[in-house]
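A short write-up of the structure that comes next.
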Amino acid sequence: MAPKELPKAYDASAVELDIFKQWEKSGAFDPDKLVKLDARYKDAAPYCIVLPPPNRTGTLHLGHAKMLAIEDLLIRFHRMLGDKTYWIPGTDHAALATQVKVEQVLIKEGIKDPRRELGREKFLEKVREFAEKSRDTIVAQCKAMGSSMDWSREKYTLDEDRNKAVNKVFEMMFEDGLIERGFRVVNWDPVFQTTLSDDEVEHKDTQAELVTFTYDKDFPIAISTTRPETKFGDTGVAVHPDDKRYKKFVGKTLTAVFCGKQITLKVIADAEVDPKFGTGALGVTPAHSLIDADLAERHGLPMVQVIGQDGKMTAEAGKDFSGLTTIEARKKIIKTLEAQGCLQKKESVPQSLLIAQRGESPVEQLPMRQWFLRVNKKFKLRNDTLGKWKKGDETTLKELMRYAVESKQTKILPENFEKIYFHWIDNLRDWCISRQIWFGHQIPVWYKNDDMKVGPDSPGADWVRDPDTLDTWFSSGLWTFSTLGWPDEKEWKKNRAYHPTAVLETGYDILFFWVARMILMSTYVLGEVPFKDVYLHGLVRDEKGRKMSKSIGNVLDPLDLIPKYGTDAVRLSLVMGTSPGMDQKLSEEKIKDYRNFTNKLWNISRYILTSTQLVARSSQLVPKTMADKWILGRLSDVQTKVTKLIGEYQFSQAGDLLREFTWNDLADWYLEISKVEKDKDAILNHILTRLIKLWHPFMPFVTEYIWSLMGNNDLIVAKWPEVVPHSKKNYRNFETIRLLITDIRRLRAEQGVEPSAFIKVAMVADKDAKKLIEENIAIVKQLARLEEIEFVKAVEKNWPTAVSGKVTVGLNLASGIDVEKEHEKIQKEIEALKPYIKSTEAKLKNKDFTSKAPEKVVNDMKNKLDEAKAKLKALEKRQG
RNA sequence: GGACGUUUAGCUCAGCUGGUUAGAGCGUUCGAUUCACAUUCGAAAGGUCGCAGGUUCGAUUCCUGCAACGUCCACCA
């Protein structure tokens, strides 16, 4: 397209698709092909990011879009800096989440109980089909966002290579005694019929009824509980060791008939019991409370399971209660106790109910035979680890996780999340890793009678495989190195340099689920951290700060926004005005603002392209005027700061600086100046070239398009502009001119002067100021719309006047002005100035201040005072 | 119960290790449409930096307490 024909408004949707295809074709996404594009990538430093793999549960939301925008920004920045960038794409099978989703879909389609009706293989077929479709959608969405990932090496948490990694790590951990099968109390989701890890269980504040009673009429100790139905499983009563009321019972074994069931209770003393709560005695239910299970273990109490996996009472509850739901049983028990006269008190208390993370179903704690990863167990390290331990040294997984962050080998941003991370680790319990769902990595263990063998392949004909699958986070934990080829020796060796990866960028909501588990896996398997930095972004919320959800109907879909405003605008709106770890309120209004900015950049480029001759890049750049020196100085300054800020993950600040330079300095001032001073082709091209590069990581599409219109190709691998030193003096001088022009414009607006009219002014200026103005006389005249500037000793009394710096300027208006009003206005300015001068003088007289404050601060203040005094003098002179 | 975060202009947010008379965008008000852009341009108004103490020559910035809002964690049954 010839530049003259460029459309007035940038049409993102008309160009984005082609640009993306061009990038893909160029090979810029592939670290091994980069060198073909530019030789500087030959021995370049590796820079690797793994994409937090989106769940294959449907489509991407704005949180994903934010993640993609930030990661692509980093990747593009580093690619331009000359790093060998490798951004690894992939998706997550998200075991339970996906299976549940598919089940819902199938139920909607009329299959009442999909798993039972279809059977494992057919059901899994449906899940895989759904997952495949999700994957296609996700990939398309990532591409629409402009993500420059290497699509030729896409990974999946459930593909064959990842399965090898999972099996291998399972075997290693089993061998080291870290993974073991055990009969323990676990979190059980009765709706989805599977175990859950502690992190998948949430607490919900509710009101519950706390009942106080004795097990039967003759029982000497009363206890309190919110869950009477579990009391069939009580095997002990715990009291505080110093509690005098119960001292005589401690160590004794009592019996009772609880609602028709004979139970045996050992009275134990444990410091964990709070003597002030309730009656000070606690009925211990080892099978249905993790806390009680701990107590029971300490005191050797047996476990009696009274609630089954279906959430109903078992035969252990006696024939009157077995088969009832827990709620039904609870009501009946209270009634029975009341009738027996055992009930002492009923009161409403706040209680935090355990519920499953997805869905609202309550979670039961049940004893079950499951697989556990032991985080507090000592084991012998297979590698030299984190520079602290040698191969063969003993430590625990918890220690590894803690030291990785403590030693700053992994830095978390924002820093306060480190505290939260440590707190989580310190309270971490063994991780239940087996799930009773079908979609996932099947546990690589085989059984034959009492024999057990670990490994993916069947040891023989009579052996049966464990039907359970692994917690989805087990495979996600390996993501940084499983995607780089581990455990395949050849692949891993090839990619070794990319690990530890540069940065993990993700939402703070999965710090524990994922970030911590990656640190666990990587330090255990490799002896090194998975990434050097963790950048945690905040959640994207609606304009009122609410979570986006389908039920509220406030969801903004990236796929709707992109065609409407352009990808660049969507990306900017997710990066600007945000800081790490802080939630962001996003409105469509904001996206529109950045669409406007995209268009501004487009028009700046359009103007330069259509009004200048393309200048060869090699041509010497000679700033001629003060304005030239000013804008180049500004550009240089912005380049330095933006480079530094992006390196520090301060994207919003970097973007703000760029925006200010682009819109304010360049468009509003320098381009207007260029219309007056002329002959700026070389300098304008120089600025545009750099500007487009600096913006590229933020808004890749429009910049790449402009780049092509400038007759170049592959901005994506262009060299990040190097910083040229500059003198600050030049542009400080020019600021004086800008200030003067703004003052005149304000005076004109105040006086209602016809904006297009050229008027006469008089100025009072000292020698230096006069020289400065004369040097820039054409600019001042044009931008302030002046017909004539007369330098005088004093401005006529009835002319509207402004004092800026050392210059006093007055408008010579043909029609009369409101002298009274003018006088008042200036008087007001004088009155505002006086207290400032007074307080500043006082500060400067204070010896404590002048002796203790840094010299620069004192000097700056002196200068300010001088300026203020000069201004006051000029104003007072004006008033007569 | 513990921990963390937030509180700055009508709205959304900057303000990094304390140092000018606290900034930006949006919105508002006034004005402008041949001449890159009305997805625009010029100008203006608008803040006792949540409250109370403390440290300091100096506090929006550091410390303590309080309040409101939010988040995470948690074995008071």
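So you know, we letter chains A, B, ... as the sequences are listed, proteins then strands, and number each from 1. When reading the values below, keep in mind they use all heavy atoms of this one structure, side chains included, and skip hydrogens, waters and symmetry mates.
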Looking at every strand, decide which applies to [X] at a 4.0 Å heavy-atom threshold: base, sugar-phosphate, or nothing.
| X | answer |
| --- | --- |
| A:K8 | sugar-phosphate |
| A:D593 | sugar-phosphate |
| A:K585 | sugar-phosphate |
| A:R659 | sugar-phosphate |
| A:M576 | nothing |
| A:P854 | base |
| A:E672 | base |
| A:I604 | base |
| A:T742 | sugar-phosphate |
| A:D668 | sugar-phosphate |

Can you list, by residue number, the residues of residues 270-283 of chain A that have a non-hydrogen atom closer than 4.0 angstrom to RNA chain B?
A:E272, A:V273, A:D274, A:F277, A:L282
Return the nucleotide paired to [N]: Watson-Crick means purine N1 to pyrimidine N3 with N6-O4 or O6-N4, wobble means G-U with N1-O2 and O6-N3, both under 3.5 Å.
| N | answer |
| --- | --- |
| B:rG42 | B:rC30 |
| B:rG5 | B:rC69 |
| B:rU64 | B:rA52 |
| B:rC76 | none |

Cation-pi check for A:F422 against A:R402: NZ or CZ below 6.0 Å from the six-membered ring centre and within 45 degrees of the axis, yes or no?
yes
When you measure from the side-chain N and O atoms of A:T285 to the phosphate of B:rA77, is any distance below 4.0 Å, counting only OP1 and OP2?
no
B:rU39 phosphate, OP1 or OP2, under 4.0 Å from A:R595 side-chain N/O
no
What interatomic distance, in whole Å, is found between [atom1] of [M] and the corresponding atom of [N]?
| N | M | atom1 | answer |
| --- | --- | --- | --- |
| B:rU17 | B:rC63 | P | 10 Å |
| B:rG70 | B:rC75 | P | 24 Å |
| B:rC13 | B:rU8 | P | 10 Å |

Side-chain ion pair, A:E750 and A:K825, N-O less than 4.0 Å:
yes
Hey, is A:R227 close enough to A:E364 for a salt bridge, meaning N to O under 4.0 Å?
yes
Ring centres under 6.0 Å, that's the criterion: do A:F597 and A:F698 meet it?
no
For residues 663-672 of chain A, pull every pair meeting salt bridge (charged side-chain N to carboxylate O under 4.0 Å, His left out), keeping only residues two or more places apart or in separate chains.
A:R634-A:D665, A:D665-A:R738, A:E672-A:K675
Nearest-nucleotide comparison on RNA chain B, the residue closer to the 5′ end among A:T850 and A:N596
A:N596
